Structures are given as C-alpha cells and as structure tokens.
A.B. asks: 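Here you go, one structure.
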Amino acid sequence: MKQATATNTRLAKTVAELKPSGIRRFFDLAASMEGVISLGVGEPDFVTPWRFREASISSLERGHTAYTSNAGLLELRREINTYLETRYQVSYHPETEILVTVGASEAIDIALRAVLNPGDEVLIVEPCYVSYEPIVRLAGGVPVFLTTTAENSFKLTPEELSAKITSRTKAVIFCYPNNPTGSTMSKDEWLKITPILEKHDLLVISDEIYAELTYDSSHYSFAALPGMKDRTILISGFSKAFAMTGWRLGYVCASPDLLAGMLKIHQYTMLCAPTMAQMAALEAMKNGQGEVDRMVESYRQRRNYIVHAFKQVGLACHEPEGAFYAFPSVKSTGLSAADFAEQLLMEEKVAVVPGDVFGESGYGHIRCSYATSLEQLERAMERIGRFVSRLS
C-alpha cells in the first residue's frame, strides 16, 4: 500500500482542506495551563437539573435500553410540538414533521445534506457558529457570507441579503439569538427579510438553539412568521437552555417532504438518538421550565455585569439580547483579536476566543462566554482590566 504524502493523500480533498476549529485551539491551549479562567467554550456551567437526570436513571433501571423509532420517541415528539406551540406559536405534526437528532449539530448537518446539490450556494449570516461553513462544504454546497456589524447590533439587513443572492442560491442559514454576538431579531425586523426570501424561493435553516436564553424580549421563531413555516427548517435542542450538552440531543422540524429526506440520512448514519437521553429530555419538556427560568435569570445578572465591566475597562461592547456571550471590540487596543486573545492568555491566564474565527464580521472582537459563575467573571474582568491598562 502506498504511504500517504502531501501529494498522495488518502483523505478526500474537501476534508483535507477543512480548517481546525479556532475555538478548540484556544480551549486546548488553556487546558494545558494552570490557573486559567476560561471564557472560551459555549457550555452552561450548570449541571443538568436533577429531575432530568433522575428520569434517565429511572429509565435505565426499568430496562429501557433498546432502540427507539428512527424519528425518536413519539411521546417526546408530541411534547416538543406542545412546547413549540405554547412558547413560540408554531405547530408541527409529531409523526411527520419532527425528528429527534444526536444534538442540534446533527440536525444542521442532515438538513444541509438533504437539500443541497453540488454547487448550490448557501448564505451564512456572520459572525456565525464555526461549524456552518465546514458542514456546507461537506454537503457539496458553496458558502457565501452575509456581513453584519456592531453598529447595527449584528442584525441581518434586507440590503445585505439582497446583494448576495444569485441564481445558484438555495438556502440561507442563521442563528438568532446569535452565537457569538448574542444579537437577536424582532418580528418587525424579520418581516423586512421575508419578502426577499419569497421572491427568490429560498429555503431557511433557522438555528434556534438559544431561543430560551433571551433577556429583554421574548424570542420570535422564524417559522412562526406568516408564510415562512413551509420554507423553514427549524433547528433546536437541549444543550444550552436545559444544560444538557453531554447528552447530545437535538431536534429538527420541517415540512413532511423535507423531513422525510432528513430521516433517510439519519436512519442510515445515526439510526436513532440515545434512548436514555430522550427520557431525560421528555422530563425537561414536561416539567423543566422552572429550572430553565432560574438559569436564565442567572445568565441575565451575569450579562448585565460583564457588559458594564467591559465598558469600565475601556472596551466597547454592545449589549447581547440573548445566548450567553459578550462580543466586545478590542480595536482600541491596537492589537488584532488573535494577538489580544493570545497575549491575554499568556500574561493574565484568561481564555477568550478571537472573533475572526466566527467569520470576517468578527474581526476586531473577542467572544467571552458568561456561562460561568459571577465570582469567576469578576476575577476574569479584573485580569482583563490589568491587561488593557498595560496596553494603553
């Protein structure tokens, strides 16, 4: 067998050209150092609420360890529909329009693979979750980036959307509340976007994994907009608001024809989501709102603190309306975001993520997760303040 070389690789060209995650690089670097305060990884600091864990443990004790339906437990799909109907006024048929996935990430992957033909363009709203571009490429699509700015609170504008649409555009993907900026979109702001999508007959992949984590107004689901449900693939899950990252459980909702295509891919690659995780999620859907509300209130307090603290140390920071990330500008320091993050880690042992790993719209910014204790945030901001004062 020939040995793999630079010119004779066994990897597919698309895979070989994928860049490693910029988030993971800083996380791994921080993990190798003592005494680091990490504001890097987007994971709740809360342990999964006990009542969710207990439901999973109970299911194991009762011997519920077999496969479920490919689409997931029907009872869970019914509860997901009830949840979406109650909170966001959008309804899906549990048997034909809801699929339980192995995390929201699998849902995004199979949605793109189900709808893209080679060469189809996908518009990606930046700054964005680091997986969007690679997953589009792995599905044979061509990523095209939509710019947002701090001056406009990182909101998608109709002008930017219209300017990037071509005859090859098939879909647009976005995440609101946004990772990494914490920005949200109101119903009125969405209504300026929808006529463009209708005119060009575009599909929408709406990643609403942070929907529950809003602070100043309620989340408005894109699928609930007039005429948008049929063209929208709604992505969500349990990782963020329910503090269930390690359980790897998400869901996707779409019209029956689109969901049937996604189910084909899911049943050949994943078969079904873990049964025990689905039992925990069922309890979360039925009785978990109080736990979620308590976590959201804690995030709200931390959000208020960290935004004020960044302004106090001289870094401009728009107020995030959702998720659990602050996205301050470091342009005033004269350093690039990457240099700022690396020097901050080495000199003060605080890990943050350079904004440019989330796309060009993130240049000059850093992402700081406030999904950590207020005490840790206070210590981190004290160190960041020292660092910034030395630069000035």
Side-chain angles (χ1 to χ4, degrees), residues 23 37-47 49 87 127-129 148-155 174-186 189 207-220 236 238-245 289-330 337 340-341 344 350-355 358 361-362 364-385 388:
I23 296 178
I37 299 174
S38 179
L39 306 181
V41 177
E43 179 171 27
D45 62 315
F46 297 101
V47 174
R87 287 185 66 95
C128 65
Y129 178 46
T148 66
T149 65
E151 290 73 25
N152 194 40
S153 298
F154 298 105
K155 296 175 186 286
F174 45 70
C175 175
Y176 285 104
N178 181 260
N179 172 14
T181 69
S183 177
T184 62
M185 294 279 286
S186 69
E189 288 163 339
D207 182 352
E208 302 184 21
I209 189 69
Y210 295 97
E212 292 84 358
L213 305 183
T214 56
Y215 308 109
D216 305 313
S217 59
S218 298
H219 173 72
Y220 195 91
S236 195
F238 299 87
S239 292
K240 309 301 183 180
F242 296 93
M244 292 177 63
T245 51
Q289 194 55 52
E291 304 281 2
V292 173
D293 290 344
R294 282 187 283 276
M295 289 187 278
V296 171
E297 183 54 36
S298 180
Y299 290 138
R300 185 199 310 277
Q301 294 172 12
R302 301 176 200 181
R303 186 274 309 255
N304 294 344
Y305 167 76
I306 200 169
V307 171
H308 176 73
F310 273 122
K311 292 177 180 177
Q312 287 290 100
V313 303
L315 298 181
C317 184
H318 96 102
E319 185 166 83
E321 301 158 295
F324 41 55
Y325 308 107
F327 204 60
S329 171
V330 297
F340 184 99
L344 176 65
V350 176
V352 299
V353 182
F358 305 100
S361 295
H365 295 263
I366 55 172
R367 191 192 78 171
C368 303
S369 170
Y370 50 86
T372 189
S373 71
L374 191 57
E375 180 184 4
Q376 286 285 81
L377 290 177
E378 289 170 348
R379 292 173 57 208
M381 290 308 305
E382 180 181 351
R383 297 181 187 187
I384 292 171
V388 172

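Just so you know, these numbers come straight off a predicted model, no measurement behind them.
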A.B. asks: Would you call R300-E297 a salt bridge at under 4.0 Å N-O?
C.D. replies: yes
A.B. asks: Quick check on the 6.0 Å ring-centre criterion: do Y210 and Y325 meet it?
C.D. replies: yes
A.B. asks: Could you check whether any side-chain heavy atom of R383 comes within less than 4.5 Å of a side-chain heavy atom of I37, counting everything from C-beta outward?
C.D. replies: yes
A.B. asks: Should Q376 and S373 be marked as a side chain to side chain donor-acceptor pair (under 3.5 Å) after you check the CA-CA gap, both sets of side-chain angles, and the distance that decides it?
C.D. replies: CA-CA 5 Å; Q376 286 285 81; S373 71; 5.2 Å; no
A.B. asks: In this structure, which one of E212, Q289, H219 forms a side-chain hydrogen bond (donor to acceptor under 3.5 Å, both in side chains) with R87?
C.D. replies: Q289
A.B. asks: Heavy-atom distance under 4.5 Å between the side chains of M185 and Y220, does that happen here?
C.D. replies: no
A.B. asks: Between S369 (side chain) and A371 (backbone), is there a donor-acceptor pair under 3.5 Å?
C.D. replies: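 Present.
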A.B. asks: Whether E291 and R294 form a salt bridge (side-chain N of Lys/Arg under 4.0 Å from carboxylate O of Asp/Glu) is what I want to check.
C.D. replies: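 Answer for the salt bridge query: yes.
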A.B. asks: Is the H365 ring parallel, tilted or perpendicular to the F154 ring (thresholds 30°, 60°)?
C.D. replies: perpendicular
A.B. asks: Quick check: do F358 and N178 have side-chain heavy atoms less than 4.5 Å from each other?
C.D. replies: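 Heavy-atom side-chain distance check fails, nothing below 4.5 Å.
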A.B. asks: So for atom OH, which belongs to Y129, do other residues, nucleotides or ligands contribute more than 12 heavy atoms lying within a distance under 6.0 Å?
C.D. replies: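 No, because the 6.0 Å sphere around OH of Y129 holds 12 heavy atoms or fewer from other groups.
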A.B. asks: Just by modelled atom types, is the G42 backbone N or O under 3.5 Å from a matching donor or acceptor in the K240 side chain?
C.D. replies: yes
